Q: 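This is the structure, below, for whatever I ask next.
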Amino acid sequence: MNATQLDTYRLTKRFGSFTALGDVSLSVRPGTVHALLGENGAGKSTLVKCVVGYYQPDDGAVLVGGREQAIHSPTVARDLGVGMVYQHFTVVPGMTVAENLLLARGHLPAVVPWKRVRAELDAFLKTTPFRLDLDATPMDLSAGEKQKLEILKQLFLKPRLLILDEPTSVLTPQEADEVLGALHERAHAGDCSVLMITHKFREVSAYADDVSVLRRGRLVHSGPVADTTPVALAEAMVGSEAGPEDAREEQAARPAAALAPHTPGEVQLDVRDLTVRGDRGEPAVRGLSLAVRAGEIVGVAGVSGNGQRELMEALVGQRARESGQVQVAGQPFAATRAENQRLGVRALPEEPLRNACVGELSVAANMGLRQFDQPPFAHAGWRLGARLRAQARAWIAEYGVKTQGERAPIRSLSGGNVQRTVLARELAGEPRLLLVSNPVFGLDFAAVADIHARLRAARARGCAVLLVSEDLDELLALADRIVVMSEGQIVLNLPAAAADRQALGAHMGGQMGGGHAARTTPSAREAA
């Protein structure tokens with residue numbers, strides 16, 4: 001076949017006024033493995049969901065085998081020979097492996113001829129790189145075996161193009177090599193082409209033929225893997241190294257953080273040997289140690305999917321900790337409500353409408369979630385609602401929250417105004433530790449500037465701030481110290497004033513990651 005296996009031509013997808021994907025033209029060659037890189041929110045999942053018909057693009061075209069196709073649903077994509085392994089499991093827990101494989105076909109007879117089907121499945125499994133018990137159910141399988149079942153479901157359909165969304169996130173390194181090695185062989189044998197979303201640069205270097213990078217919905221790099229490096233790919237994902245004028249602008253943005261003479265206070269957050277598992281049981285945070293001092297902003301950088309989300313969820317009590325210790329102000333901290341109140345711990349999580357608010361409740365009620373049972377509100381009785389509304393009106397004015405009023409449901413607010421609402425609540429009462437995750441993702445310039453100013457002000461008042469962000473510009477502008485997470489560990493720790501994009505990109509890209517970096521760079525606790 002001379003035509004490329006997959007082409008997208010100026011593919012565009014908008015959600016309201018937000019352009020998630022803009023004019024993306026990408027080609028996947030037949031018989032190759034094509035890696036797709038990009039930070040969280042860069043548009044990777046949006047792109048592949050447009051290809052498989054889960055989303056309908058607003059503009060542009062999808063071509064399969066050189067022909068433009070109108071893919072209105074995943075069923076149409078499957079009939080065209082396009083299969084996708086999603087990031088989240090889609091197997092049916094109560095069905096056997098055999099039944100799940102058969103169900104993948106979509107078109108089933110009224111009565112299944114099981115004797116013939118079993119023979120067909122046995123013959124199929126003899127051609128695959130890994131085998132599963134056909135009579136086992138997903139409840140009997142490990143997370144890695146469930147992922148293999150997801151891949152087997154698609155291989156059973158003999159796709160011309162197989163799309164994989166983070167295929168190795170729940171696999172051990174040995175399983176990852178087994179799976180990707182097998183898919184690489186199948187692609188080079190001409191059985192199918194593979195488009196693989198990943199955040200692991202090692203996998204790109206070892207198994208992909210071509211690589212493309214999306215940044216903020218735009219294609220910023222595409223070409224052979226042999227012509228690039230992990231450092232260059234990391235820089236493409238987060239932005240090119242700043243030139244002289246950009247550097248001056250970046251320095252000008254730092255006066256309240258990295259450039260100001262400043263001596264942090266006592267250790268406020270002390271994390272020692274923390275281990276946390278991911279959504280599907282895989283190790284996500286691996287023996288991590290970290291310290292944050294009073295009056296200090298510590299920024300956590302890293303490619304999405306390297307344990308940042310799991311770390312923050314474990315610190316705020318939304319995810320179990322498998323082992324390790326967390327102390328706040330020298331006291332054991334389990335993130336209970338009582339401990340948060342006593343120790344002054346507050347949080348601004350990613351997606352606050354989902355993680356820090358009750359959408360149906362009013363703005364006033366959400367602003368009062370921290371204080372409704374504390375003085376002076378605890379004994380207000382029937383006057384509680386009026387007092388909460390009065391407080392909300394004051395905060396709405398102070399923080400510039402645009403709302404129809406304090407009685408409006410918080411779900412009716414824009415993203416920036418939800419952020420302001422939650423920040424007003426979390427900064428009340430002079431917090432001593434603030435845990436912040438991607439606080440300005442998707443917000444407009446005015447909202448970004450306001451939230452950044454308030455984080456700087458909290459730091460100036462002596463609050464310790466742990467800031468996870470996938471925007472290096474944000475970290476360089478706000479942080480006193482930057483640490484890089486890779487594969488669940490801290491692999492670099494240095495003052496923000498001494499940080500440069502090339503060094504950060506090298507560690508984010510795994511070029512200096514793993515155990516070597518952990519040994520050769522100071523730990524976050526040692527530097528603190």
Side-chain angles (χ1 to χ4, degrees), residues 35-42 44-45 87 143 165-173 176 180 196-206 211 213-215 230-231 233-238 271 273-290 298-315 318-319 321-322 324 349-350 435-438 441 466-472 474-475 479 481-494 499 501 503-518 521 523-524:
L36 184 60
L37 293 172
E39 283 286 69
N40 184 35
K44 307 184 300 297
S45 292
Q87 192 170 9
D165 193 351
E166 303 284 6
T168 64
S169 60
V170 298
L171 302 180
T172 66
L180 295 180
M196 173 179 69
I197 295 176
T198 183
H199 62 263
K200 299 177 181 177
F201 293 90
R202 184 189 70 84
E203 296 176 354
V204 176
S205 299
V211 59
V213 179
L214 292 178
R215 183 168 187 251
V231 173
L233 293 174
E235 288 181 358
M237 290 170 62
V238 301
V271 180
D273 299 321
L274 181 65
T275 298
V276 181
R277 292 197 173 271
D279 294 340
R280 292 180 277 185
E282 77 283 6
V285 179
R286 307 165 186 259
L288 180 142
S289 295
L290 173 72
V298 174
V300 181
V303 177
S304 176
N306 276 270
Q308 305 96 309
R309 176 174 64 87
E310 291 83 358
L311 168 64
M312 296 300 276
E313 288 177 353
L315 292 180
Q318 293 181 334
R319 183 178 295 269
R321 305 168 190 166
E322 186 167 82
E350 191 172 4
L435 304 169
V436 185
S437 296
N438 294 308
F441 177 72
L466 181 63
L467 170 65
V468 169
S469 177
E470 293 171 5
D471 186 342
L472 277 186
E474 182 172 44
L475 294 178
R481 188 155 48 88
I482 294 177
V483 300
V484 175
M485 281 188 71
S486 179
E487 297 185 2
Q489 298 176 312
I490 290 176
V491 296
L492 181 68
N493 171 54
L494 74 172
R501 293 170 183 272
L504 295 173
H507 286 81
M508 289 169 64
Q511 187 78 356
M512 304 172 71
H516 174 71
T521 58
S523 75

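Not measured: the values here are computed from a predicted model. FYI, the numbering just counts along the sequence from 1.
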Q: Taking only residues two or more places apart in sequence or in another chain, which ones pass salt bridge (Lys or Arg N to Asp or Glu O under 4.0 Å) with Glu310?
A: none
Q: Taking all non-hydrogen atoms of both residues, which atom of Gly299 and which atom of Leu475 are closest, and how far apart?
A: CA-CD2, 3.7 Å
Q: Rounded to the nearest 0.5 Å, what separates atom CG in Leu290 from atom CG in Asp273?
A: 12.0 Å
Q: For Gly307 and Val285, which heavy atoms make the closest approach, and how far apart are they?
A: O-CG2, 3.6 Å
Q: Do Leu435 and Met312 have side chains that get closer than 4.5 Å, going by heavy atoms?
A: yes
Q: I'd like to know if the side chain of Arg215 and the backbone of Met237 have a donor-acceptor N/O pair within less than 3.5 Å.
A: yes
Q: Nearest 0.5 Å, please: how far is CD in Glu474 from CG in Leu467?
A: 5.5 Å
Q: Find the distance between CG (Asn493) and OG (Ser289) and round it off to the nearest 0.5 Å.
A: 11.5 Å
Q: Could you tell me whether the side chain of Val300 reaches within less than 4.5 Å of the side chain of Val484, counting heavy atoms only?
A: no
Q: Tell me every residue that passes salt bridge (Lys or Arg N to Asp or Glu O under 4.0 Å) with Arg321, counting only those two or more places apart in sequence or in another chain.
A: none
Q: Please report the interatomic distance OG(Ser486) to CZ(Arg202), rounded to the nearest 0.5 Å.
A: 11.0 Å
Q: Could you work out, with side-chain hydrogen bond (donor to acceptor under 3.5 Å, both in side chains) as the rule, every residue matching Glu322, not counting sequence neighbours?
A: Arg277
Q: If you define the side chain from C-beta out and look only at heavy atoms, does anything of Val211 sit under 4.5 Å from Leu233?
A: yes
Q: Just to verify, what does Thr198 make a side-chain hydrogen bond (donor to acceptor under 3.5 Å, both in side chains) with, not counting sequence neighbours?
A: Glu203
Q: How many angstroms lie between atom CD of Gln489 and atom CG of Leu274, to the nearest 0.5 angstrom?
A: 12.0 Å
Q: Between the main-chain N or O of Gly38 and the side-chain N or O of Lys44, is there a donor-acceptor pair closer than 3.5 Å?
A: yes
Q: Between Thr275 and Gly287 (side chain of the first, backbone of the second, donor and acceptor by atom type, cut-off under 3.5 Å), is there such a pair?
A: yes
Q: Within the 4.5 Å heavy-atom criterion, are Leu36 and Leu214 side-chain neighbours or not?
A: yes
Q: Of all residues at least two apart in sequence or in a different chain, which pass the side chain to side chain contact (heavy atoms under 4.5 Å, CB included) check with Asp279?
A: Arg309, Arg319
Q: Identify, with sequence neighbours excluded, every residue that meets side-chain hydrogen bond (donor to acceptor under 3.5 Å, both in side chains) alongside Ser205.
A: none
Q: Could you walk me through whether Ile490 and Leu288 pass side-chain contact (heavy atoms from CB on, under 4.5 Å), step by step?
A: CA-CA 7 Å; Ile490 290 176; Leu288 180 142; 3.7 Å; yes
Q: Once rounded to the nearest 0.5 Å, what's the spacing between atom CG of Leu494 and atom NE2 of His507?
A: 8.5 Å
